[in-house]
Structure formats: structure tokens, C-alpha cells
2 protein chains.
Amino acid sequence: MASRVKDDETWTIREIAQEFDVTHRTVRHYEELGLISPERHGTSRIYRRRDKTRLNLILRGKRLGFPLEEIRTIIDLYETPRGRRSQLEYVLGQIGERRTDLEQRRRDLDAALGELDRFEESCRADLDRLR
Amino acid sequence: MASRVKDDETWTIREIAQEFDVTHRTVRHYEELGLISPERHGTSRIYRRRDKTRLNLILRGKRLGFPLEEIRTIIDLYETPRGRRSQLEYVLGQIGERRTDLEQRRRDLDAALGELDRFEESCRADLDRLR
DNA sequence: CTTGACGTTGACGTAAACGTAAAGCAATAC
DNA sequence: GTATTGCTTTACGTTTACGTCAACGTCAAG
């Protein structure tokens, strides 16, 4: 059964920038750092589905506060060859570190949300008292 | 009934820096930005419980990826006078914005952790196949 | 064929978050 | 006394993550 997905869709840097709501300078900056590497048609950059996936990962990483260099190592991690046993074990180790980091963030996040809740209740109580 | 807590404990900048595992330069930088404002004994800085609380908030904000300026507005928010009704309503509005932001982060975080889980399973499957 | 839209590569500027001396006061240690 | 330790300010340096020109190539439209 042949694949039905047409993966030949391409986009220009302007289209990509608009879709992700960043400037083309930003897109090129990510390329300079090796976070994406679009094809070239002559001198122009051509972006494919795969590049969009990477951009989504990058922007989410940014929203989470990761530096771009770290984001690059994470993305690379997802694409390192996993042929040899030693490589797999290395990747699994890295996954562990990532998880530890993310779980710390979730604890911080929960704490912040909890305090926010308590603070809101306290404010609402003050407001009621003013009625 | 008198308060039993002794709130006269104080620390020097070096002690504070060590306890929070940052440099004294960092602590002073936060002071320059108005995130903390320790007392002065002559020329020296004196840190109290309240400053520690703020530092905890700052560092958690940093782990969550917030810029220091935004952290300052958050901390200030927790300390704005809430006497007048308009002030309370402003604060409640800010709380809402904060919550929206934090909840977006949690979605990002959950997505990242989910992908990490799936990636780990895929790696473990590869590893089993190598046995 | 020139204009305009869109693409390209430098290269320099900037804001944030500190790092890193440099140079000086102030109290305790010997 | 002086020497060391700890704190201070002043001030320039650095890294990250882009912004902002400048100067040029290219292709379809008028």
C-alpha cells in the first residue's frame, strides 16, 4: 500500500515567518544556530513539513524558557541515529535528564498557580468586605 | 497574645548568595532592578526573611523562564495596596492574565513530557530488538 | 527595460542578565 | 601597628536572541 500523504508541499521563508508569527530574521537566526536547515532552490530557502515540525518544537521550547542552544541539543537528540546500543543508552540517559528538568518546572508551575489561586481568593474576600 | 516568631534574624549578602546558590553580583543585580531592597546598616546590606521570600519568588520565576522585569511586576502585584475597590479589580485582572500565561506553559510542558515519554518507549523498543 | 516584490548575505546595534576586574572602606586577627 | 577578610561602588566585558540597516540578485508585471 503506497503512502497517500503528499509531502511535497513547500513554503517560502516569508510564509513560514507569517504562519509562526516571527520575523524572517528570526527564522534565519535559527538556521544560523543549526536548529533548522531548509533545502535550497538555487539561493532561496525552501521549507518543508519537517521544518515546520522543528519550528514548533523550537517555539515551544522558547515558551518554556529554554535557551536556543539547549533546544538544539534536544531537537538533535530526537534525530540522533539509534543504531548502536551505546547510542541508545546515551539517548535514554539524556531523556532522563530532560525529564528531571521538566518535572522541576512542573513543580514550580504548580506552586505558582497555587499561590495565584490563594492570592485571588484573598483578593475576592477583600472585595466582598467592601460591599 | 504576642507573636512568638522572632523576625529579627538577618543575613549578609554572602550568606544569602550561598544559600540560594547565586553570586553576590546576581543578588545586587536584582536589587538594581528593584526586585529586592534590603535594609542598610551603614553601607552594608542587611537581608531579612522578607528578602528571602522575594528571592525564592524570583528564582522560581527564572526557572519558569520569566524575564526579571516581568518577575518584578508579579512580585509588586503581590504587594500592591488593596484598599480601594479599583485597585482590587486591577489586581484581579492581572491575576487572570498571569493564570492564562501559566496555563499555556503547563500545556507546553505536558506536551513536551508526553513526547518525551513516547520517545523513550520507542528507544526502549529499539533496545529490546537489539537483544 | 525598469520597477517592485521578494529573496539573499554580511555586518553592526541592542537589551537582558549577569561576569569580572579595579579600587576603596571597615572590622577583626595577629 | 599591619594584614586579612568581607563588603562596598564603579565600570567595562560577555552572551543570547534577535533587530536593523545596507547592498545586492532575480523574476514577473507593466
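Keep in mind it's a predicted model, so treat the numbers as computed, not measured.
Counting only heavy atoms from C-beta outward, the side chains of A:V91 and A:Y78 never approach each other to under 4.5 Å.
The side chain of A:I13 lies closest to C:dT8 when the candidates are D:dC18, C:dT8, D:dT9. For B:S44, counting side-chain heavy atoms from C-beta on, the closest listed nucleotide (D:dT8, C:dC6, D:dG19) is D:dT8. The nucleotide whose nearest atom lies closest to any side-chain atom of A:T43 is, among C:dC18, C:dG7, C:dT8, C:dT8.
A straight line from CD of A:E32 to C1' of D:dG19 spans 12 Å, rounded to a whole angstrom. Protein atom NE2 of B:H41 is 14 Å distant from nucleotide atom C1' of C:dC25, rounded to whole Å. Rounded to an integer number of Å, the gap from A:H29 NE2 to D:dT20 C1' is 14 Å. Distance, B:H24 NE2 to C:dC18 P: 14 Å, rounded to whole Å. Atom CG in B:L68 sits roughly 14 Å away from atom C1' in D:dT16 (whole-Å rounding). Atom P of nucleotide C:dT8 and atom CD of A:E31 are separated by 8 Å, given to the nearest angstrom. Across the protein-nucleic acid pair, B:L35 atom CG and C:dC18 atom C1' stand 13 Å apart, rounded to whole Å. Taking atom CZ on A:R40 and atom P on D:dT26, their separation rounds to 14 Å, with Å as the unit.
The side chain of B:R45 places an N or O atom within less than 4.0 Å of a non-bridging phosphate oxygen (OP1 or OP2) of D:dT8. Contact check, B:Y30 against C:dC18: a side-chain N or O comes under 4.0 Å of OP1 or OP2. The shortest distance between the side-chain N/O atoms of B:R14 and the OP1/OP2 oxygens of D:dC7 is below 4.0 Å. Close to D:dC18, at under 4.0 Å from its OP1 or OP2, lies a side-chain N or O of A:K62.
Under a cutoff of 6.0 Å and an axis angle of 45°, A:R84 and A:Y90 do not form a cation-pi pair.
Along DNA chain C, the nucleotide closest to B:L33 and the one closest to A:T12 are compared, and the more 5′ of them pairs with A:T12.
Using a 4.0 Å heavy-atom distance criterion, B:R25 is classed as a base contact. Heavy atoms of A:R28 sit under 4.0 angstrom from at least one base atom.
A:L57 is connected to A:L33 through a chain of hydrophobic side-chain contacts under 4.5 Å among Ile, Leu, Val, Met, Phe, Trp and Tyr, so both are in one cluster.
Within 6.0 Å of the CZ atom in B:R63, the count of heavy atoms belonging to other residues, nucleotides or ligands exceeds 12.
For the 3.5 Å distance criterion, the side chains of B:R82 and A:S122 qualify, holding a donor opposite an acceptor.
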